[in-house]
Protein chains: 2
Amino acid sequence: MQIDAVDQRIIALLVADARASYADIGTRVSLSAPAVKRRVDRLRAAGVIRGFTAVVDPAAVGWTTEAFVELFCAGRTTPTQIGVAARRHPEVVGAYTVSGEADALVHLRAADISHLEEALERLRAEPFVTSSRSTIVLSRLVESPGVGPSHTG
Amino acid sequence: MQIDAVDQRIIALLVADARASYADIGTRVSLSAPAVKRRVDRLRAAGVIRGFTAVVDPAAVGWTTEAFVELFCAGRTTPTQIGVAARRHPEVVGAYTVSGEADALVHLRAADISHLEEALERLRAEPFVTSSRSTIVLSRLVESPGVGPSHTG
DNA sequence: CATGAAACGGCAGCTTG
DNA sequence: CAAGCTGCCGTTTCATG
């Protein structure tokens with residue numbers, strides 16, 4: 001799909017504030033509100049914009065404990081398999097296949113240490129997991145939602 | 001601040017769709033639209049809801065390359081220092097202090113390998129960084145925005 | 001551009017500490 | 001008695017065919 005400079009600016013504005021009105025965005029990109037809506041509809045249909053979400057302070061909602069878990073998997077494990085398994089656990093907020101020693105890196109978020117431990121045990125119980133190495137998050141310094149700030153090209 | 005069950009449901013609905021109308025949310029939580037708005041305003045003022053953002057397909061916008069970088073820091077480095085430094089680099093989408101060997105874990109997202117390399121060099125040039133260990137992301141299996149799915153309490 | 005819907009502010013009633 | 005939360009209704013702004 002074709003994304004021009006105006007699309008980029010609209011995306012940036014929506015990443016900054018997903019509840020901005022089309023009219024407001026239109027003012028900033030020198031377009032009418034309906035024109036903006038058409039572009040947003042098109043970007044959504046094309047999958048460029050996947051959706052709109054609220055960014056919540058995890059501590060305020062009670063999910064205060066995080067960890068990154070390196071997963072070592074059995075020889076014939078596919079990324080798809082790992083992805084499907086990861087999605088089964090609601091504590092998983094991110095999962096990636098990676099280069100290096102481990103096969104995958106899983107980002108967990110739980111209510112507390114015991115919840116985290118329980119999730120970890122469930123994850124390690126997946127048949128393809130041969131071993132794992134956990135790293136507890138002590139503090140969150142940065143966490144950007146969306147795609148990342150400003151220069152999106 | 002006090003967050004009751006209705007707040008939780010409103011938050012969950014906004015995480016699922018940040019552009020949902022107050023009337024629509026009100027219908028689902030058995031409240032009027034103005035009542036919902038007041039709660040959302042209160043949650044935003046309290047910092048529980050940090051904002052609303054569009055979730056964008058990174059590939060579509062050109063940021064296709066990711067890495068996790070373990071940072072080893074000089075003896076007297078504070079989390080605040082690391083956070084401030086991390087925020088200076090637009091490629092940083094997440095940063096955490098962690099237990100284990102490394103002092104911090106930084107999540108980078110860039111346009112391509114050379115952009116990633118350039119960002120990595122910039123990051124390693126921070127005065128407090130003594131060494132680093134990078135792990136390139138081969139594929140993204142899961143990535144949830146917001147605070148994580150469903151059971152938020 | 002025109003219509004219908006949504007957001008937003010003010011006001012009054014109800015419950016709770 | 002004070003404070004907080006709610007619903008209703010006004011006007012203004014926005015969404016959308």
Side-chain angles (χ1 to χ4, degrees), chain A residues 1-64 111 144-147 149-150 152, chain B residues 1-57 60-61 145-153:
Chain A
M1 184 209 179
Q2 180 79 342
I3 300 175
D4 67 15
V6 177
D7 290 326
Q8 297 269 8
R9 292 179 62 198
I10 292 174
I11 290 168
L13 288 166
L14 283 171
V15 167
D17 178 12
R19 283 189 78 89
S21 73
Y22 293 135
D24 194 50
I25 295 167
T27 304
R28 293 160 191 266
V29 301
S30 307
L31 241 50
S32 73
V36 173
K37 183 192 184 297
R38 276 195 290 271
R39 280 174 183 257
V40 173
D41 286 347
R42 186 169 48 85
L43 290 167
R44 291 201 65 172
V48 175
I49 295 176
R50 293 194 175 158
F52 304 99
T53 189
V55 182
V56 172
D57 177 5
V61 190
W63 291 53
T64 59
S144 311
V147 69
S150 55
T152 40
Chain B
M1 187 213 179
Q2 180 79 344
I3 300 176
D4 66 15
V6 177
D7 290 326
Q8 298 269 10
R9 292 178 60 196
I10 292 174
I11 290 168
L13 289 167
L14 283 173
V15 168
D17 178 13
R19 282 187 81 87
S21 73
Y22 293 134
D24 193 51
I25 295 167
T27 303
R28 291 160 192 267
V29 302
S30 307
L31 241 52
S32 73
V36 173
K37 186 198 178 294
R38 284 182 183 114
R39 279 175 182 261
V40 173
D41 286 347
R42 188 169 46 85
L43 290 167
R44 292 199 64 171
V48 175
I49 295 176
R50 295 198 172 153
F52 302 101
T53 190
V55 182
V56 172
D57 177 5
V61 190
V147 69
S150 55
H151 55 298
T152 42

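Predicted, not measured: the structure shown is a model, and the values here were computed from it. Chain letters run A, B, ... following the sequence lines, proteins first and then strands; every chain starts at 1.
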Open item on the list: What is the distance, to the nearest angstrom, from the CG atom on Leu43(B) to the P atom on dG4(D)?
Closed with: 16 Å
Close N or O pairs between protein and nucleotides 12-14 of chain C (under 3.5 Å):
none

Task: Test applied, side chain to side chain contact (heavy atoms under 4.5 Å, CB included); reference residue, Val36(A); option that passes from Leu14(A), Asp24(A), Ile25(A), Val6(A) - done: Ile25(A)
Task: Distance in angstrom units between Arg44(B) CZ and dC8(C) P, rounded - done: 10 Å
- [ ] Nearest 0.5 Å please: distance from the CZ atom of Phe52(A) over to the OG1 atom of Thr53(B).
- [x] 9.5 Å
Open item on the list: Can you give me the closest heavy-atom contact between Ala111(A) and Thr64(A), atom names plus distance?
Closed with: O-OG1, 3.0 Å
Open item on the list: Please find the pair of heavy atoms, one from Val48(A) and one from Ala60(B), that lie closest to each other, and give the distance.
Closed with: CG2-CB, 3.7 Å
Task: Nucleotide dG4(D), atom C1' - distance to CG of Asp7(B) in whole Å - done: 13 Å
TODO: Measure the spacing between CD1 of Ile10(A) and CD of Gln8(A) and express it to the nearest 0.5 Å.
DONE: 10.5 Å
Task: Contact summary for Ala54(A) and Ala18(B), nearest pair of heavy atoms - done: N-CB, 3.8 Å
Identify all side-chain donor-acceptor contacts of residues 38-46 of chain B below 3.5 Å with residues at least two apart in sequence or on another chain.
{"unit_1": "Arg39(B)", "atom_1": "NH1", "unit_2": "Asp4(B)", "atom_2": "OD1", "d": "3.0"}
{"unit_1": "Arg39(B)", "atom_1": "NH1", "unit_2": "Asp4(B)", "atom_2": "OD2", "d": "3.2"}
{"unit_1": "Arg39(B)", "atom_1": "NH1", "unit_2": "Asp7(B)", "atom_2": "OD1", "d": "2.9"}
{"unit_1": "Arg39(B)", "atom_1": "NH2", "unit_2": "Asp4(B)", "atom_2": "OD2", "d": "3.4"}
{"unit_1": "Asp41(B)", "atom_1": "OD1", "unit_2": "Lys37(B)", "atom_2": "NZ", "d": "3.4"}
{"unit_1": "Asp41(B)", "atom_1": "OD2", "unit_2": "Lys37(B)", "atom_2": "NZ", "d": "2.3"}
{"unit_1": "Arg42(B)", "atom_1": "NH2", "unit_2": "Asp7(B)", "atom_2": "OD1", "d": "3.3"}
{"unit_1": "Arg42(B)", "atom_1": "NH2", "unit_2": "Asp7(B)", "atom_2": "OD2", "d": "3.4"}

Task: For the student: nearest non-hydrogen atoms of Arg9(B) and Arg28(B), plus distance - done: NH2-O, 2.6 Å
Task: Interface with DNA chain D, restricted to residues 19-41 of chain A and to heavy atoms under 4.0 Å - done: Ser21(A), Tyr22(A), Ala23(A), Pro34(A), Lys37(A)
